[in-house]
Amino acid sequence: MTAPRSALAVSMGDPAGIGLDLCLAAWLAQAGGDIPAFFLVGDPDALAARAELLGLAVPIEEATPEQAAGRFGAALPVVVARCAVDPVPGSPDSANGQAIIGAIRQSVELVMAGRARALVTSPIAKSVLYAAGFGFPGHTEYLAALAEEHAGAKVTPVMLLAGPHLRVAPVTIHIPLSQVPLALTTEAIVQTGRIIAADLNRRFGIEAPRLAISGLNPHAGESGTLGGEDDSIIAPAVRQLQALGIDAVGPLPADTMFHEEARAGYDAAVCMYHDQALIPAKALGFHDSVNVTLGLPFIRTSPDHGTAFTLAGKGVARPDSLIAALRLADRMAGTEAALAGTARAESMSR
Ligand SMILES: NC(=O)c1ccc[n+]([C@@H]2O[C@H](COP(=O)([O-])OP(=O)(O)OC[C@H]3O[C@@H](n4cnc5c(N)ncnc54)[C@H](O)[C@@H]3O)[C@@H](O)[C@H]2O)c1
Ligand SMILES: N[C@H](C(=O)O)[C@H](O)COP(=O)(O)O
């Protein structure tokens, strides 16, 4: 008899935001469709208070990660990570900052120990965590640091927005726009492209991923007349990716690489900065795109939105992106395991 699949770990995020609302809605959604088993790493009392506020009949049970999958059908399992102060929906409190950060760390430890199938993070409010002394731009960078602690090796994270109409990742992430030209290097673009190609292969099952690399300047620099980075930094990176056997094209004018016909020509777009990537991603699929961190030694997905404090506790926040994040994490874990199993079988048959 095969062991039950382990459940997904969902970190609670900012408990004053919509994360708790969406966790409850996702659990209830299992009545209507495939929701992978998950457990919340968070405060059971805060979750119960949000369920009561929203008038949702959701049984909540403290559990171990190993118990979660078996109990998921009857109750929402919670691995306890207590808040410091009772959260008030819509009113973030940096007094809960360390509890929010602690829940992320605890979730990573469970995934790295094989006690959870993958990590799905509920939204955090960066500014609230900064006020509590958080030293990272966001989850992406913090998760890489936690992975480095466990792996003892450098980990370069890539933030991929994955939706039904587009997969796209920025080379530079949470830095001011004014710093982007200085941060853009041929090496960083090549590294990002290699991580995306590798993870699209092993975790998305795409045999030969096709990458479309954007330019930085209008019209990709217009042959150098509208900026030099495209020819001096990006084009050499595309050539290096091609020399590595990766199907990469560019630098492409960013304004003509996201329409429907253009998108049919690639599996992921690589952009130069945050909003160059996230505007098309969220415009094409705000409620069904997922934020995936590539390059980590574990799978992490997240809704593509934030804490939406003005919606917390009001019963109007949509769980679509969280549900998509749960399903994608489960699929990625299955793909990776299947490909690893195939590789093991092939090596044993040689
Ligand atoms: N993955 C993450 O943790 C993540 C992602 C994005 C932003 N953030 C953080 O969240 C905070 C607020 O950011 P923001 O206001 O720019 O973005 P946001 O995504 O929280 O909200 C943007 C708009 O979309 C709406 N919205 C968001 N999620 C929704 C949902 N599930 N259903 C219905 N409407 C929804 C909000 O009401 C708001 O009008 C910031 O601190 C930001 O750093 C975190
Ligand atoms: N930049 C992402 C977005 O706008 O969706 C989000 O802030 C990701 O942040 P994390 O590094 O916390 O996942």
Side-chain angles (χ1 to χ4, degrees), residues 10-26 29 42 54 89-94 96-97 100-101 103-105 107-108 119-132 134-147 155-163 166-177 180 271 273-296 299-326 328-329:
V10 176
S11 56
M12 69 173 170
D14 193 314
I18 59 174
L20 294 180
D21 308 46
L22 303 184
C23 183
L24 293 162
L54 293 169
S91 301
D93 187 337
S94 57
N96 275 327
I100 296 165
I101 296 163
I104 298 167
R105 171 181 284 274
S107 302
V108 169
L119 169 59
V120 181
T121 58
S122 299
I124 59 172
K126 300 172 175 59
S127 53
V128 172
L129 293 193
Y130 299 160
F134 189 56
F136 299 88
H139 279 110
T140 302
E141 297 82 357
Y142 182 47
L143 295 171
L146 292 174
V155 171
T156 301
V158 171
M159 182 172 74
L160 179 81
L161 275 291
L166 173 67
R167 293 186 201 93
V168 61
V171 171
T172 63
I173 309 179
H174 292 120
I175 64 171
L177 197 54
V180 167
C271 292
Y273 58 91
H274 186 280
D275 283 0
Q276 193 181 46
L278 273 68
I279 289 173
K282 297 191 183 182
L284 286 167
F286 182 64
H287 288 297
D288 47 17
S289 290
V290 175
N291 173 9
V292 189
T293 306
L294 306 181
L296 297 175
I299 290 165
R300 178 261 175 158
T301 66
S302 158
D304 69 348
H305 58 71
T307 47
F309 288 121
T310 58
L311 305 183
K314 296 179 178 170
V316 297
R318 290 179 52 173
D320 311 59
S321 186
L322 173 63
I323 290 172
L326 290 163
L328 180 57

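In this text, all values refer to a predicted model and were calculated from it rather than measured experimentally. Atoms within each ligand, like the ligands themselves, are counted from 1 in listed order.
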For ligand 1, is there an N or O atom under 3.5 Å from any N or O atom of L22?
-> no
Does the N or O separation between H287 and ligand 1 drop below 3.5 Å for any pair?
-> no
Taking heavy atoms and a distance under 4.0 Å, where does [X] meet ligand 2: side chain, backbone, both or neither?
{"X": "N291", "result": "side chain"}
{"X": "T140", "result": "both"}
{"X": "H305", "result": "neither"}
{"X": "L278", "result": "side chain"}

Who's the nearest protein heavy-atom neighbour of [atom], and how far?
{"atom": "atom 9 (C) of ligand 1", "answer": "I124 O, 3.2 Å"}
{"atom": "atom 7 (O) of ligand 2", "answer": "K126 NZ, 2.6 Å"}
{"atom": "atom 4 (C) of ligand 1", "answer": "H305 O, 3.4 Å"}
{"atom": "atom 29 (C) of ligand 1", "answer": "I18 CD1, 4.0 Å"}
{"atom": "atom 31 (N) of ligand 1", "answer": "R318 O, 2.9 Å"}
{"atom": "atom 1 (N) of ligand 2", "answer": "H274 NE2, 2.7 Å"}
{"atom": "atom 13 (O) of ligand 2", "answer": "R300 NH2, 2.8 Å"}
{"atom": "atom 5 (O) of ligand 2", "answer": "K282 NZ, 3.0 Å"}

Look at the side chain of [X] and the backbone N and O of [Y], then say whether any donor-acceptor pair between them is shorter than 3.5 Å.
{"X": "D304", "Y": "N291", "answer": "no"}
{"X": "T301", "Y": "V120", "answer": "no"}
{"X": "S94", "Y": "V128", "answer": "no"}

Option with minimal heavy-atom separation from [atom], where the choices are [options]:
{"atom": "atom 27 (C) of ligand 1", "options": "P319, P137, A308", "result": "A308"}
{"atom": "atom 7 (C) of ligand 1", "options": "G17, A312, G306, G138", "result": "G306"}
{"atom": "atom 33 (C) of ligand 1", "options": "L322, L311, T121", "result": "L311"}
{"atom": "atom 11 (C) of ligand 1", "options": "T307, T140, D304", "result": "T307"}

Within this structure, what is the [atom1]-[atom2] distance for the pair [X] and [Y], rounded to the nearest 0.5 Å?
{"X": "F309", "Y": "I18", "atom1": "CZ", "atom2": "CD1", "result": "9.5 Å"}
{"X": "S122", "Y": "L20", "atom1": "OG", "atom2": "CG", "result": "7.5 Å"}
{"X": "Y142", "Y": "L129", "atom1": "OH", "atom2": "CG", "result": "9.5 Å"}
{"X": "L161", "Y": "I279", "atom1": "CG", "atom2": "CD1", "result": "11.5 Å"}
{"X": "I124", "Y": "I104", "atom1": "CD1", "atom2": "CD1", "result": "5.0 Å"}
{"X": "I100", "Y": "R105", "atom1": "CD1", "atom2": "CZ", "result": "15.5 Å"}

side-chain contact (heavy atoms from CB on, under 4.5 Å) test vs L119 passes for just one of I299, V10, L296, V108, namely V108
Report the part of S302 in contact with ligand 1, treating N, CA, C, O as backbone and CB onward as side chain, heavy atoms under 4.0 Å; options are side chain, backbone, both, neither.
->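 It is the side chain that gets close, since no backbone atom is under 4.0 Å.
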At a 4.0 Å threshold, what atoms of ligand 2 neighbour a non-hydrogen atom of M159?
->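 Near M159, the atoms of ligand 2 are 1 (N), 2 (C), 8 (C).
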Numbering as shown, the atoms of ligand 2 that approach D304 to under 4.0 Å (heavy-atom distance) = 5 (O)
Proximal ligand 1 atoms for [X], defined as those under 4.0 Å from one of its heavy atoms:
{"X": "A125", "value": "41 (O)"}
{"X": "H139", "value": "3 (O)"}
{"X": "A317", "value": "32 (N)"}

Non-hydrogen protein atom less than 4.0 angstrom from [atom]:
{"atom": "atom 21 (O) of ligand 1", "value": "no"}
{"atom": "atom 41 (O) of ligand 1", "value": "yes"}
{"atom": "atom 15 (O) of ligand 1", "value": "no"}

Step by step, work out the side-chain contact (heavy atoms from CB on, under 4.5 Å) result for R300 and T140.
-> CA-CA 9 Å; R300 178 261 175 158; T140 302; 3.8 Å; yes
Would you sort out whether M159 and L278 count as a side-chain contact (heavy atoms from CB on, under 4.5 Å), showing the intermediate values?
-> CA-CA 10 Å; M159 182 172 74; L278 273 68; 3.9 Å; yes
Ligand 2 and E141, any nitrogen or oxygen pair closer than 3.5 angstrom?
-> no
Aromatic plane relationship, Y130 with F134 - under 30° parallel, 30 to 60° tilted, over 60° perpendicular =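 F134 and Y130: parallel rings.
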Give the intermediate values and the outcome of side-chain contact (heavy atoms from CB on, under 4.5 Å) for residues V168 and C271.
-> CA-CA 7 Å; V168 61; C271 292; 3.7 Å; yes
For ligand 1, is F286 a contact, meaning one of its heavy atoms is under 4.0 Å away?
-> yes
side-chain contact (heavy atoms from CB on, under 4.5 Å) between E141 and I173: does it pass, once the steps are laid out?
-> CA-CA 9 Å; E141 297 82 357; I173 309 179; 3.8 Å; yes
Would you indicate whether the side-chain heavy atoms of H305 and L22 approach each other to under 4.5 Å?
->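 SC-SC contact between L22 and H305 confirmed.
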